[in-house]
Each structure stands twice: as structure tokens, then as C-alpha cells.
2 protein chains.
Amino acid sequence: MNATPRWLTPEQKAAWDSFIRMQETLIGRLTRQLHVDSRMSASDFIVLASLTERGGGRMRFLDLAKSVEWEKSRMSHQVGRMAKRGLVAREECPDDGRGWFIVATPAGYRAIEEAAPMHVAHVRRLFVEALSPEELDTLARISQRVLTHMEQQPD
Amino acid sequence: MNATPRWLTPEQKAAWDSFIRMQETLIGRLTRQLHVDSRMSASDFIVLASLTERGGGRMRFLDLAKSVEWEKSRMSHQVGRMAKRGLVAREECPDDGRGWFIVATPAGYRAIEEAAPMHVAHVRRLFVEALSPEELDTLARISQRVLTHMEQQPD
DNA sequence: GCGGGATAGATGAGCTGTCAACGATCTCGT
DNA sequence: ACGAGATCGTTGACAGCTCATCTATCCCGC
């Protein structure tokens with residue numbers, strides 16, 4: 001008994017489909033806008049934002065990776081590319097010979113400071129303004145619920 | 001007057017952050033599971049699903065692209081890769097010398113039929129079961145709202 | 001002080017997505 | 001019947017992501 005059905009109910013499938021479509025469209029448009037406006041990828045933006053907001057412009061590599069919930073390999077490649085373009089720099093870590101500090105360069109600060117207002121404007125225009133404050137709140141609650149549910153689940 | 005503020009309110013930012021975090025975590029986990037379970041990428045799955053469900057296993061290239069809302073270049077690369085792995089094939093189109101039909105091969109059918117139940121199970125486990133039917137419904141409504149709002153907006 | 005396991009991070013291969021440019025065919029007005 | 005545009009789809013260059021593997025350092029018990 002009590003076998004979980006093989007497929008979703010029509011309501012469940014409809015909810016899943018529209019969530020997926022919404023999320024893809026939204027992320028896609030924001031990513032493209034960011035690139036057009038600021039010649040930056042979403043990854044660049046996230047890293048610089050986390051580094052400057054939460055880290056004061058200077059963070060240990062793995063702390064940075066954890067702060068955005070990325071695998072270290074992804075962050076390593078990303079930092080490598082950003083370093084090549086002069087957005088961040090690596091500094092040796094005196095306390096730990098294996099470790100590095102990742103530092104936002106002046107060019108990195110300039111980049112995020114120029115990009116952020118436009119990016120926020122697009123988020124507002126495409127997402128926030130689509131919803132009432134109550135809906136926004138509901139969505140936040142639902143997202144939290146899914147997140148905590150996932151944390152309790154194995155992979 | 002009435003200038004839109006430079007940043008989001010704390011409530012708006014909280015909603016945006018938890019939505020983004022949820023969506024990334026969820027999609028990431030589903031993608032990894034799909035790959036582990038079925039050696040298929042999310043793109044493979046989407047293409048095969050659309051092709052077999054909506055197209056009866058055979059669709060014009062651009063119809064296929066539109067059905068999943070992808071750019072043609074993305075679909076072209078994807079179809080190329082899938083053809084190389086034997087999941088789909090291209091067939092000439094008698095009516096239009098420029099065009100092609102994309103066809104799901106027997107291997108393609110087998111792949112999607114084996115992958116789908118597990119994938120649905122993960123969607124259920126990670127997403128559907130996190131929420132009450134009412135919440136699921138609310139999320140669907142909110143997603144729809146954002147989608148139609150975006151359609152009315154320029155890029 | 002040294003040997004084993006854990007930790008910090010880099011690296012390379014292979015797949016995916018984007019953008020811009022391209023070639024081929026179709027359509028339609030004249 | 002022919003030339004201009006539109007449409008169908010491909011291609012190449014390049015950035016991004018994942019997975020597995022690797023090196024260097026650190027920590028800790030003996």
C-alpha cells in the first residue's frame with residue numbers, strides 16, 4: 001500500500017511546470033541584462049557582491065565559497081578568471097601556507113558598484129513589481145520551507 | 001518625487017534571496033541526481049521529454065526549440081550532441097529544404113522512459129512534499145503572475 | 001620529530017550555453 | 001523569372017560548470 005504514484009497529479013505538475021518556466025525565464029533575462037549592462041556574468045556579480053558586502057572586500061577562499069554555497073572547484077575556476085580580468089586578486093595567507101585571501105581590487109569595487117543599481121532595478125522591474133507585498137512574503141515563506149525541507153533530505 | 005529607491009527593502013531583499021537560494025539548490029540537486037541516476041543532463045531530459053510527450057517522438061527543429069523556449073543555436077548544439085550519442089536523429093524535411101525533423105530514436109525513448117520515474121520521484125521528494133497542496137497552488141499562481149508580468153515587460 | 005590523515009586550493013578534461021556570423025532555401029512583389 | 005528579404009538551421013569562439021585527481025600544507029598522536 002501507500003506506494004507513491006509514478007507521476008504527479010495535474011495540479012502538482014502544473015505547479016512544477018510554471019515554477020520551472022518562471023525561474024528559467026527570470027534568471028535568463030537577468031543574466032543577459034547584467035551582461036549587456038555591465039559585461040559581467042552572474043557568477044562575477046555574486047562573487048563580488050559576497051566579497052564586498054559580507055567580507056569587507058577580503059575573504060579566505062573557502063569562506064568565500066561557503067558564503068555563496070559553491071564547490072571549491074567552481075570557485076577556484078571563477079577566481080582564476082576574475083583574477084585574469086583584474087576584478088580580484090589572491091593574497092598569501094600568513095597563518096596558513098595552503099590558504100589564500102581573495103581580495104576585491106579597485107576595479108572589482110568599481111565594477112560591482114556600477115553594476116549593482118542596474119541589476120537591482122531589473123530585479124525590481126521583473127520580479128518585485130510583479131507581486132504584491134503579501135505575495136512576495138508568501139513566496140519567501142514557501143522558499144524557506146522548501147529549503148529547510150531539502151536540508152533534511154539526503155542528496 | 002516617486003523615484004524608485006536604489007535598493008530593495010529588507011523584506012524584498014529577503015524574499016529575493018531566499019527564492020534565489022531555493023531555486024539554485026533545488027535545480028542543482030535535481031540536475032546532479034538526474035546525471036547520477038541516468039547519465040543524462042537536464043537538457044537531454046527536457047528535449048527528450050518535449051519531443052516524446054508533445055511531439056509524438058518527431059518534431060520540426062524550430063518547433064522543438066520553441067516548445068522548450070530555447071534559442072535555436074542552443075538547440076542546434078544540443079541536438080548535435082544528442083545525435084552523436086544516439087538519442088535523437090535528424091531526418092530531412094520533404095516540404096522545406098532548409099528544415100529538419102528531429103526524431104527520438106529507440107535509445108532515446110528507452111533513456112527517457114527509464115529516467116522519468118526517478119526524476120519525478122526526486123521532484124516529489126525534494127519539492128512537492130515540502131509543501132501543502134495549498135502552498136503548491138499558491139506557488140503556481142505566483143509563478144504565473146511573474147511570468148505574465150515579464151511578458152509585458154521589455155527585455 | 002615524524003608519519004598518517006585531514007584540509008586548502010589548483011588543474012585538466014569534457015560537456016553546456018551564448019553570441020555573432022554564416023550559408024542555404026523559401027517567399028513574394030514586380 | 002528574378003532579386004530582396006525573411007526564415008531555417010549550423011558553426012566557431014569562448015566562457016562557465018562538474019567531476020576526478022593532484023599537490024602542498026597542517027594537525028595530532030605517538
Asker: Side chains of Arg81(A) and Gln78(A): is there a donor and an acceptor less than 3.5 Å apart?
Answerer: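 Short answer, yes.
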Asker: Measuring centre to centre across the rings, with the benzene-like ring taken for any Trp, is Phe61(A) within less than 6.0 Å of Phe101(A)?
Answerer: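 Distance test on ring centres: not under 6.0 Å, no.
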Asker: By nearest nucleotide on DNA chain D, pick out whichever of Ser41(A) and Asp95(A) is the more 5' one.
Answerer: Ser41(A)
Asker: Looking only at side-chain N and O atoms, does Thr138(B) offer a donor or acceptor that is under 3.5 Å from a partner on Thr138(A)?
Answerer: no
Asker: Roughly how many Å is it from CH2 in Trp100(A) to C1' in dA24(D), rounded to a whole number?
Answerer: 11 Å
Asker: Rounded to the Å, how far apart are Gln78(B) CD and dT11(D) P?
Answerer: 15 Å
Asker: Send over the distance from Lys84(A) NZ to dA10(C) C1', rounded to a whole Å.
Answerer: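 Computing the Lys84(A):NZ to dA10(C):C1' distance gives 13 Å.
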Asker: Tell me yes or no: between the side chains of Ser132(B) and Glu134(B), is some donor less than 3.5 Å from an acceptor?
Answerer: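 Yes, because at least one side-chain N or O of Ser132(B) sits under 3.5 Å from a partner of the opposite role on Glu134(B).
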Asker: Pick base, sugar-phosphate or nothing for His77(B), based on heavy-atom distances below 4.0 Å to the nucleic acid.
Answerer: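 The residue His77(B) makes base contact.
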Asker: Are any of Arg74(A)'s side-chain N or O atoms less than 4.0 Å away from OP1 or OP2 of dC19(D)?
Answerer: no
Asker: To the nearest angstrom, how far is Phe61(A) atom CZ from dA24(D) atom P?
Answerer: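 One finds 18 Å between P of dA24(D) and CZ of Phe61(A), rounded.
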Asker: Under 4.0 Å, counting only non-hydrogen atoms across every strand here, what does Ser76(A) touch: a base, just sugar-phosphate, or nothing?
Answerer: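 Base: the residue Ser76(A), judged by heavy atoms under 4.0 Å, touches a nucleobase.
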Asker: Find which nucleotide of DNA chain D each of Val36(B) and Asp63(B) is nearest to by heavy atoms, and output the residue with the more 5' nucleotide.
Answerer: Asp63(B)
Asker: OP1 or OP2 of dA20(D) versus the side-chain N and O atoms of Ser73(A): is any pair under 4.0 Å?
Answerer: no
Asker: Consider only side-chain N and O atoms of His35(A) and Arg32(A), and report whether a donor and an acceptor are under 3.5 Å apart.
Answerer: no
Asker: Tell me which nucleotide among dA6(D), dG9(C), dC26(D) gets nearest to the side chain of Arg98(B).
Answerer: dA6(D)
Asker: Would you mind telling me which residue lines up with the more 5' stretch of DNA chain C, Arg32(A) or Leu62(A), judged by nearest nucleotide?
Answerer: Leu62(A)
Asker: OP1 or OP2 of dA15(D) sitting under 4.0 Å from any side-chain N/O of Arg85(A)?
Answerer: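 False: Arg85(A) side-chain N/O out of range (4.0 Å or more) of dA15(D) OP1/OP2.
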Asker: Over all strands shown, is Arg81(B) touching base, sugar-phosphate only, or nothing at heavy-atom distances under 4.0 angstrom?
Answerer: base
Asker: NA contact type, Arg90(A), heavy-atom cut-off 4.0 Å: base, sugar-phosphate, or nothing?
Answerer: sugar-phosphate
Asker: Whole angstrom is fine here: how far is it from CE in Met75(B) over to P in dC19(C)?
Answerer: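 In whole Å, dC19(C) P lies 16 Å from Met75(B) CE.
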Asker: Round to a whole Å and report the spacing from CG of Asp96(B) to P of dA6(D).
Answerer: 17 Å
Asker: Looking only at non-hydrogen atoms, find the nearest pair between Leu34(B) and Met40(B) and report the distance.
Answerer: CG-O, 3.6 Å
Asker: Measure from the side-chain heavy atoms of Lys72(A) and tell me the nearest of dG9(D), dG16(D), dA10(C).
Answerer: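 The nucleotide sitting nearest to the side chain is dA10(C).
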Asker: Looking for any heavy atom pair under 4.0 Å, which part of the strands does Trp70(B) touch: base, sugar-phosphate only, or nothing?
Answerer: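 It contacts nothing in the nucleic acid.
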Asker: Rounded to whole angstrom units, what separation is found between the CZ atom of Arg60(B) and the C1' atom of dT25(C)?
Answerer: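 Distance check: Arg60(B) CZ to dT25(C) C1' gives 11 Å.
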Asker: When the distance from CE of Met59(A) to C1' of dA8(C) is rounded to whole Å, what number comes out?
Answerer: 17 Å
